Engineer: 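The following block contains the structure, expressed as structure tokens.
Everything quoted here is computed from the prediction, not taken from an experiment.
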Amino acid sequence: MAKMYSISKNILINAKPEYIFRVLADIENWNLWTSSIKKIVIINDTEFNKGTKVKVVQPKLLPAVWEITEIEKDKYFTMEKRYVGLKMIAKHILEPKNSSTSVELVLTYEGVFAKLFYSLTSSLTSQYLTMEINGLKNKCEKVSLMSREALKFFI
């Protein structure tokens with residue numbers, strides 16, 4: 001069996017998992033909060049569901065089609081991209097922590113070409129995961145803070 005290689009990033013976001021998941025599920029607008037994404041287009045469905053395929057365009061990479069293979073609303077979703085001899089698995093995991101949410105992004109390479117692809121792309125992938133998780137935090141906390149401030153106006 002071929003070895004797996006993974007890259008992961010964790011962060012604590014001061015927002016509820018339900019809100020963070022809504023931001024993530026609005027997949028075609030990720031480019032508005034992370035510069036690791038130029039464009040994402042849903043190509044086979046209109047909803048963010050298991051089986052949805054998306055075309056992802058990122059700087060320095062060829063466009064790629066990812067498929068959502070697992071999803072549990074407000075908790076996690078998994079996307080996969082397959083090539084001959086390589087499967088890439090991207091997990092987005094949300095775990096409530098008091099009034100905040102622990103978010104983990106994990107990208108795993110599997111298959112006979114996993115080691116080669118990992119060695120060629122891990123540095124850029126790590127950089128993009130950092131951009132994504134920090135962008136998600138900024139987007140969610142900015143809106144969450146604005147919502148709290150707006151509520152104070154009415155109380």
Engineer: To the nearest 0.5 Å, what is the distance between OG (S100) and CD1 (I20)?
Structural biologist: 8.5 Å
Engineer: Provide the closest heavy-atom pair for S6 versus T108 in the form atom of the first, atom of the second, distance.
Structural biologist: OG-OG1, 2.9 Å
Engineer: Starting at CG of L105, measure out to NZ of K9 and round the result to the nearest 0.5 Å.
Structural biologist: 9.5 Å
Engineer: Compare all side-chain heavy atoms of I89 with those of T78 and state whether any distance is below 4.5 angstrom.
Structural biologist: yes
Engineer: Donor-acceptor pair, distance only, cut-off 3.5 Å: does the side chain of T130 make one with the backbone of S126?
Structural biologist: yes
Engineer: A side-chain contact here means heavy atoms from C-beta on lying under 4.5 Å apart; do K139 and Y19 qualify?
Structural biologist: yes
Engineer: Step by step, work out the side-chain contact (heavy atoms from CB on, under 4.5 Å) result for L94 and L24.
Structural biologist: CA-CA 11 Å; L94 311 177; L24 289 169; 4.2 Å; yes
Engineer: For residues L86 and Y109, determine if any side-chain heavy atom of one lies less than 4.5 Å from a side-chain heavy atom of the other.
Structural biologist: yes
Engineer: Please name the pair of heavy atoms, one in E47 and one in I42, separated by the smallest distance, quoted to 0.1 Å.
Structural biologist: O-CD1, 4.2 Å
Engineer: Are M79 and F117 connected in the hydrophobic side-chain network, where two residues link if heavy atoms are under 4.5 Å apart?
Structural biologist: yes
Engineer: E18 side chain to D74 main-chain N or O, any donor-acceptor pair under 3.5 Å?
Structural biologist: no
Engineer: Once the angle between the rings of F77 and H92 is folded into 0 to 90°, is it parallel (under 30°), tilted (30 to 60°) or perpendicular (over 60°)?
Structural biologist: parallel
Engineer: Passes side-chain contact (heavy atoms from CB on, under 4.5 Å), W30 versus V23? Steps please.
Structural biologist: CA-CA 8 Å; W30 284 17; V23 170; 5.8 Å; no
Engineer: Under the side-chain contact (heavy atoms from CB on, under 4.5 Å) criterion, do Y128 and L107 qualify, and how do the steps go?
Structural biologist: CA-CA 11 Å; Y128 282 179; L107 186 80; over 6 Å; no
Engineer: Kindly indicate, with the supporting measurements, whether the criterion side-chain contact (heavy atoms from CB on, under 4.5 Å) is fulfilled by W66 and I40.
Structural biologist: CA-CA 10 Å; W66 290 79; I40 297 181; over 6 Å; no
Engineer: Please name the pair of heavy atoms, one in I27 and one in F48, separated by the smallest distance, quoted to 0.1 Å.
Structural biologist: CD1-CE1, 3.9 Å
Engineer: Is there a side-chain contact between K91 and Y76, using heavy atoms and a 4.5 Å cut-off?
Structural biologist: no
Engineer: Between K16 and S99, what is the shortest heavy-atom contact and its length?
Structural biologist: NZ-CA, 4.5 Å
Engineer: So, do N31 and K39 sit near enough that their side-chain heavy atoms are less than 4.5 Å apart?
Structural biologist: no
Engineer: How about K3 and Y118: do any of their side-chain heavy atoms sit closer than 4.5 Å?
Structural biologist: no
Engineer: Please round to the nearest 0.5 Å and tell me the distance separating atom CD1 of I68 and atom CD of E70.
Structural biologist: 11.5 Å
Engineer: Could you see if M131 belongs to whatever hydrophobic cluster contains L124? Use Ile, Leu, Val, Met, Phe, Trp, Tyr and a side-chain cutoff under 4.5 Å.
Structural biologist: yes
Engineer: Which atom pair, heavy atoms only, marks the closest approach of I71 to K50?
Structural biologist: CG2-N, 3.9 Å
Engineer: State, with a plain yes or no, whether a side-chain heavy atom of Q58 is found less than 4.5 Å away from one of I37.
Structural biologist: yes
Engineer: Hey, could you give me the CG/CZ distance between D26 and F21, rounded to the nearest 0.5 Å?
Structural biologist: 12.0 Å
Engineer: Do you know which of V57, V56, V41 makes side chain to side chain contact (heavy atoms under 4.5 Å, CB included) with P63?
Structural biologist: V57
Engineer: Do the charged groups of R82 and E67 touch, with an N to O distance under 4.0 Å?
Structural biologist: no
Engineer: Nearest 0.5 Å please: distance from the OG1 atom of T52 over to the CG atom of N44.
Structural biologist: 5.5 Å
Engineer: Is any side-chain heavy atom of T101 less than 4.5 Å from a side-chain heavy atom of L12?
Structural biologist: no
Engineer: Which distance, rounded to the nearest 0.5 Å, do you find between the OH of Y5 and the OG of S119?
Structural biologist: 8.5 Å
Engineer: Say whether, by atom type as modelled, one donor and one acceptor occur between the side chain of E132 and the main chain of T34 under 3.5 angstrom.
Structural biologist: no
Engineer: Are I7 and L120 linked, directly or through other ILVMFWY residues, by side chains that come within less than 4.5 angstrom of each other?
Structural biologist: no
